[in-house]
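Read the structure below first, then the notes.
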There are 2 protein chains.
Amino acid sequence: MSRTATRERLFTAAIELIAERGFAAASVDRIAERAGVAKGTVYYNFGSKNAMFTALLEYGVERFGAALRDAAAGLAPLDQLGAVVRAELAFIGEHESFARLLLAETWRSGGDWPHAARLIRERAIGAVRDVVQAAVDAGELRTDLDVDMAASAVFGMVLTVALDWRTLQPDRPLDDVHATLMDLLRGRIAT
Amino acid sequence: MSRTATRERLFTAAIELIAERGFAAASVDRIAERAGVAKGTVYYNFGSKNAMFTALLEYGVERFGAALRDAAAGLAPLDQLGAVVRAELAFIGEHESFARLLLAETWRSGGDWPHAARLIRERAIGAVRDVVQAAVDAGELRTDLDVDMAASAVFGMVLTVALDWRTLQPDRPLDDVHATLMDLLRGRIAT
DNA sequence: AGTTTTGTACTGACCGGTCAGTCTAAATGT
DNA sequence: ACATTTAGACTGACCGGTCAGTACAAAACT
């Protein structure tokens with residue numbers, strides 16, 4: 001089997017198990033078993049459990065961030081926020097387990113991973129931030145808006161709502177969820 | 001030492017350790033040590049590590065939900081949402097570790113505790129839901145608003161923003177954060 | 001051509017250590 | 001008296017990590 005194929009199988013297995021029970025409870029034995037690979041292969045490919053987790057996070061966050069940036073590319077500032085929110089919903093819909101893992105690990109405190117949290121903030125939340133900043137620069141949003149906090153708020157809101165969506169109403173169309181979220185963000189709530 | 005005092009010391013110690021590294025990595029030995037209590041006391045009081053965790057969650061979520069409900073009590077529907085958001089921020093500011101643990105456990109998938117997630121949704125998010133519903137009933141919000149999703153969105157947004165606040169800008173006044181959040185929710189963002 | 005070497009990917013038994021949970025006899029508090 | 005806590009020794013299961021060895025194909029040598 002090719003090296004990259006093996007690594008991806010391990011990523012998938014690890015993401016699922018960590019999303020279910022957390023990092024510590026996902027044993028290397030079980031991850032290897034689910035990936036259909038011997039335990040030693042994990043250490044041949046990554047060197048340690050921690051290193052595998054770091055590689056997995058980098059791989060996923062990079063893709064997540066790229067999906068968000070691609071969604072906004074080329075659009076008018078007016079449309080970018082909606083597009084980014086839609087892209088975040090879509091990505092989470094397709095990579096639900098990874099999103100759960102992300103939510104749990106990003107806001108962990110003392111843990112072993114200051115690196116992980118920073119990565120997520122730079123790549124994923126950063127993409128949202130850039131869109132908000134573009135809207136401010138275009139004179140579309142108030143110039144005194146706290147851009148970082150707004151980006152974090154939008155990202156967190158979409159992330160938690162998306163996971164509720166997948167958990168409680170998985171059959172509901174993405175557009176429904178997207179519409180409600182955008183209504184909330186645009187203040188179209190009041191009568 | 002009284003039974004309840006012992007339990008609370010154990011709760012505090014367990015919450016901190018679990019928030020730092022997750023449930024599996026927080027050993028009973030270390031929890032007992034941090035609480036200044038013998039290991040046997042844990043088993044005398046709770047019977048098992050899982051049972052302690054369940055009791056801890058019930059205790060914390062109950063208090064969290066009560067804080068949110070108390071904040072809204074007696075206010076006009078117009079003011080309730082702001083009060084609930086403020087109460088959520090304040091509670092997280094005072095019980096940061098518990099909030100981290102809550103975030104990680106609520107949106108976990110397969111885990112050992114579907115019970116935990118349901119509890120949080122009923123008690124904590126439920127308090128937000130009631131406030132949103134009251135606003136709808138008072139004709140203050142659109143009647144076609146998806147109340148459950150809006151409540152979940154507000155709760156998740158405030159939770160993630162609050163933890164970013166504590167992590168990245170702990171010295172910032174609560175009122176600042178509150179104002180930005182309410183601006184976002186009221187659509188006062190556009191120029 | 002046939003043989004030997006080399007590099008890469010993977011295997012699974014095994015080791016030292018940690019963990020949840022048990023047990024007990026004595027102490028402490030009310 | 002009775003409930004609660006202590007201190008610590010102990011067990012068996014499981015965990016992260018190691019390592020000698022297998023498989024196999026491309027390359028190098030004769």
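The chains referred to below are lettered A, B, ... by the order of the sequence lines, with proteins before strands, and numbering in each begins at 1.
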Query raised in the report: Can you list the steps and then say if A/V158 with A/V84 is a side chain to side chain contact (heavy atoms under 4.5 Å, CB included)?
Result: CA-CA 10 Å; A/V158 176; A/V84 164; over 6 Å; no
Query raised in the report: Rounded to the Å, how far apart are A/L10 CG and C/dA9 P?
Result: 14 Å
Report summary line: With sugar-phosphate taken as primed atoms, P, OP1 and OP2 and all else as base, the protein-contact string of nucleotides 13-23 of chain D at under 4.0 Å (heavy atoms; B, S, -) is --SBBB-----
Query raised in the report: Within the pair A/N45 and C/dC10, is there a side-chain N or O less than 4.0 Å away from OP1 or OP2?
Result: yes
**Report entry** With B/Y59 via ring pair (Phe, Tyr, Trp, His ring centres under 6.0 Å) - residues at least two apart
**Finding:** B/F11
Query raised in the report: Can you tell me how far P of C/dT11 sits from CZ of A/R3, to the nearest Å?
Result: 13 Å
Query raised in the report: Does any non-hydrogen side-chain atom of B/D148 lie less than 4.5 Å from one of A/Q169?
Result: no
Query raised in the report: So do the side chains of B/F64 and B/R123 get within less than 4.5 Å of each other, counting heavy atoms only?
Result: no
**Report entry** Distance below 4.0 Å between B/Y44 side-chain N/O and D/dT5 OP1 or OP2
**Finding:** no
Query raised in the report: Could you give the CZ-to-C1' distance, from B/F53 to C/dA20, as a whole number of Å?
Result: 16 Å
Report task. Give a yes or no on whether B/M182 and B/V128 share a hydrophobic cluster (residues Ile, Leu, Val, Met, Phe, Trp, Tyr; joining criterion: side-chain heavy atoms under 4.5 Å apart). Result -> yes
Requested in this report: Please determine if a side-chain N or O atom of B/T6 lies less than 4.0 Å away from the OP1 or OP2 oxygen of D/dT4.
Outcome: no
**Report entry** Pairs flagged by side-chain hydrogen bond (donor to acceptor under 3.5 Å, both in side chains) wherever residues 66-90 of chain B is involved - sequence neighbours left out
**Finding:** B/R86-B/D175, B/R86-B/H178
Query raised in the report: For A/F46 and C/dA9, what is the distance between atoms CZ and P respectively, to the nearest whole Å?
Result: 12 Å
Query raised in the report: C/dC10 C1' sits how many Å from A/R7 CZ, rounded?
Result: 14 Å
